[in-house]
Structures are given as structure tokens and as C-alpha cells.
Amino acid sequence: MSDSLMATYNRLPISLQKGEGVWVWDTTGKKYLDALSGIAVCGLGHAHPAVKEAICKQAGELIHTSNLYQIELQQQLGDGLTRIAEMDRVFFCNSGAEANEAAIKLARLFGHKKGIENPTIVVMEQSFHGRTLATLSATGNRKVQAGFEPLVSGFIRVPYGDLEAIRTVAKNSHSTVAVLVEPVQGEGGINIPQEDYLNEIRAICDEYDWLIMLDEIQTGMGRSGRMFAYQHTGIHPDVITLAKGLGNGVPIGACLAKGKAAETFGPGNHGSTFGGNPLACAAALTVIRTLEDQGLTQRAEQLGAKLLTDFADKLQDVTGIEEIRGLGLLIGIELDRPCQALVTQALEQGLLINVTAEKVIRLLPPLIMSDEEADHLVNALTTLIKSFLKEQ
Ligand SMILES: *Cc1c(COP(=O)(O)O)cnc(C)c1O
């Protein structure tokens, strides 16, 4: 292997060459079922014909101009996204971390405009918001932060799911301007909060004039069984951040805002050279159209329910399984022990999965997966889990 790449990843020993739907092939011709979708990115699967056509066509016309000019496709995508997310305005960037950077800057500016000189944002334990300095400072995982101090200040951390802790911050801190929270924690281990969690945070934010900012980078674009996970609740957030599934692999991020939050940024407050360029917008417009036309959000809900039932069925008498949980196609199988080794064993069996938070097998399959492919996933993975637990 070449060592010209910085050693930021411990890479698995395969190189993928082509894909079709939920399947990918490596350079030796071996075939894998992709139950991870490039970490919740390729919701429409690989080599989706409509996405391919859209980006090929756009590449033949115009890939990039600049945000110094009007960009018609960006306007169209903005109209489409604000419609489906029920938000007012959007800023486009190129990744999840950048979308959260925009949200953090927006919250700080919102605070400054109210006369708060050192605004703070409430963030959660076990959260993940990205790898830039501000977003790693917001992230609730020491491994992501260690060695990169001094961290960006202005974050107050509370346990995920703990409403009382947020109320305590509200009573004691006059500098707080926002809460940044994932509707379901992805990297943290597919942690699903109690049902009224977001509603109660919304109520606190209303009472104290804070913004509720939802990191939907992993949960968004139909994956949770709603277009956005917050739509499982009755609330409207002030800010939503998106990336992963938005471009089906073409890099694009977005920070959406509603009401007073949507009026915070003015000219010169934020920007991006690449953000919202015609190529990325053509891809994202096709993703939205395909999700809607093919009812893939409903499909994610239905398929997610089937997978949860089938895993529960096949693993019911197996000791070593702590919990099987999920929302739509965000699925976690928590074991009673670290299980990173399962990733390599799955690879040998032709299955792409992920383990996060050490003990949680994380599945983020494409939304286009068929019932037969889902059955194959359940059979292959439950066999692997059983033998993994037995050999220990
Ligand atoms: C992946 C992810 C991010 C970071 O996105 P990048 O595109 O890697 O910068 C932020 N928040 C959540 C919830 C994520 O899952």
C-alpha cells in the first residue's frame, strides 16, 4: 500500500471498483452487499441511473461558476429543500462539518445581535458534529478532541436525553443562545432519545429565546422513515443541518433556517467557493425527486421495521445481545462486548457493515434495498454474530 496518504484512517484491505444498487465489487471481482451506504451517503444505492444522468448532463454544461452570480439550480434546490424541510432559507456548503460550522456561526451571530457578547451553545455527550475545530469542540467524544486543544470555547455539554440538565443550564446561564442536538445519535451508537425529547427542548428554547438546531446530517433525507427525523415529532426546528444523503455521493452540505434564524446572516457573514455549485445541486435535486417519486421515505420506514423484527426474531435466544434498536434505516445492534472484529469477518463473507461506540453494529443500508436483499443481510449477519459470540 502506498504511504503517500496521511495516516488518518485505518483502512480495510479492499478497494472497491464498481457498484450497482446495494451491491459493490472490489478490484478482485468479489461482490459485497453494502449495508452501510458509504456511511449513510448513497441512500439511492450505487450508480443510480437518474443521478448518473443528472451529473453527466450537468458536467457537459457547467460544473462551477461562483456564488458571485445567480445560480439557477441552487435556487431550485433551495426551493425544493425548504419546501420538504418546512424551513425558510438555506445556505449551501460541501460537507457536514461545514453545515454545522454555518449553524454555530449563525447561533453566535443571533446571540450577538441580541447583545450577548460571549454566546454559548448547549451540546450533548456522545454527539458527533464533525472534524473542524468548532465542530470537534461541539462533539461529545474525547477521542475526536484529544491533541487538538485549545478547543473552541462556547459549548456547554449535557448528557443526551437529560432534559433536566438543559433546564439547569437555562436557569443559570444568561449567555446561552442555542441547543445543537442529533434527533438520533449516529456515531454515538444509534442512540434514540425518549419520545418527547425534541418537543421538550423546543419548549425550553421557546421560553428562553434560544434556537433549536438539529444535526440531521445522518438522519436526514428519508433515512429515519420521515424525510427528516424531526418530522416524527410535532415540532419545527429553527435550524437543520444536512449533508451525507443529500447528494448520493456528490459532496454537498446545507444549513437550513426558519423564522428569525433565517434572517440572521447578511451579505459578507458567511460564504463558500464551491458551496451550491451547479453539479452538486443537480445531484441533490435528483435525490429529492427520486426519494419523493419512488416513496423511498415510506420504504425506509417499512424496511426498517421489517429488519428490526427479523433481527429480533433470529437473535432472540442469543446471549451477548444487549439491544436491537432503530428508527427507519438507522439500525444498531448492541453487543455486551467490543466487536470491531466483526467488520473484517463480515467483509470476508461479502458484507459491508460498521461498528461504532465499540459495541454497536451499525447498519445504514440504501433505501432502495429489496426484501430479498434485506433477508440476505439478516441471514448473513445473524450467522456471523452468533459465531462471533460463540468463539469468544
Ligand atoms: C458525518 C456527520 C457529520 C460530519 O459530516 P462530514 O461530511 O464528515 O463533515 C456531522 N454530524 C453528523 C451527525 C454526522 O453523522
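Below, all heavy atoms of this structure are taken into account, side chains as well, without hydrogens, waters or symmetry copies. Atoms within a ligand are numbered from 1 in the order they appear, just like the ligands themselves.
When non-hydrogen atoms are compared, ligand 1 lies under 4.0 Å from neither the backbone nor the side chain of E98. With a 4.0 Å cut-off on non-hydrogen atoms, K244 touches ligand 1 through its side chain and not its backbone. Contacts between T135 and ligand 1 below 4.0 angstrom, taking non-hydrogen atoms only, are absent altogether.
The pair R202-D206 counts as a salt bridge, with a side-chain nitrogen and a carboxylate oxygen less than 4.0 angstrom apart. The pair D209-K114 counts as a salt bridge, with a side-chain nitrogen and a carboxylate oxygen less than 4.0 angstrom apart. By the 4.0 Å N-to-carboxylate-O rule, E200 lies close enough to R167 to be salt-bridged with it.
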(request) For the pair E373 and W23, evaluate side chain to side chain donor-acceptor pair (under 3.5 Å) and give the outcome as yes or no after the intermediate values. (result) CA-CA 10 Å; E373 289 159 344; W23 301 97; 3.2 Å; yes

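A donor-acceptor contact closer than 3.5 angstrom links the side chains of Q218 and R362.
Between F228 and Y230, the two ring planes are parallel [angle under 30°; tilted spans 30° to 60°].
Of all protein heavy atoms, the one closest to atom 6 (P) of ligand 1 is G96 N, 3.5 Å.
Inclusion of A243 in the set of residues having an N or O under 3.5 Å from an N or O of ligand 1 is not warranted. Residue-to-ligand polar distances keep I217 apart from ligand 1: every N/O pair is separated by 3.5 Å or more. Considering backbone and side-chain N/O of E182, none are found under 3.5 Å from N/O of ligand 1. Any N or O atom pair closer than 3.5 Å counts here, and G130 shares no such pair with ligand 1.
Atoms of ligand 1 found under 4.0 Å from any heavy atom of D215, numbered from 1 in the order shown, are 10 (C), 11 (N), 12 (C), 13 (C). Set against the non-hydrogen atoms of Q218, the atoms of ligand 1 under 4.0 Å away are 15 (O). Ligand-side atoms of ligand 1 in range of A97: 4 (C), 5 (O), 6 (P), 9 (O), range being under 4.0 angstrom from any heavy atom. Close contacts of ligand 1 with N100, meaning ligand atoms under 4.0 Å from a residue heavy atom, involve 10 (C), 11 (N).
Within a 4.0 Å radius of atom 8 (O) of ligand 1, the protein contributes no non-hydrogen atoms.
The 12-atom threshold is not exceeded at CD of E117, counting heavy atoms of other residues, nucleotides or ligands nearer than 6.0 Å.
Taking the ring pair (Phe, Tyr, Trp, His ring centres under 6.0 Å) definition, one finds that H232 meets it with nothing, sequence neighbours left out.
Checked against the 6.0 Å centroid threshold, F92 and F274 do not count as a close aromatic pair.
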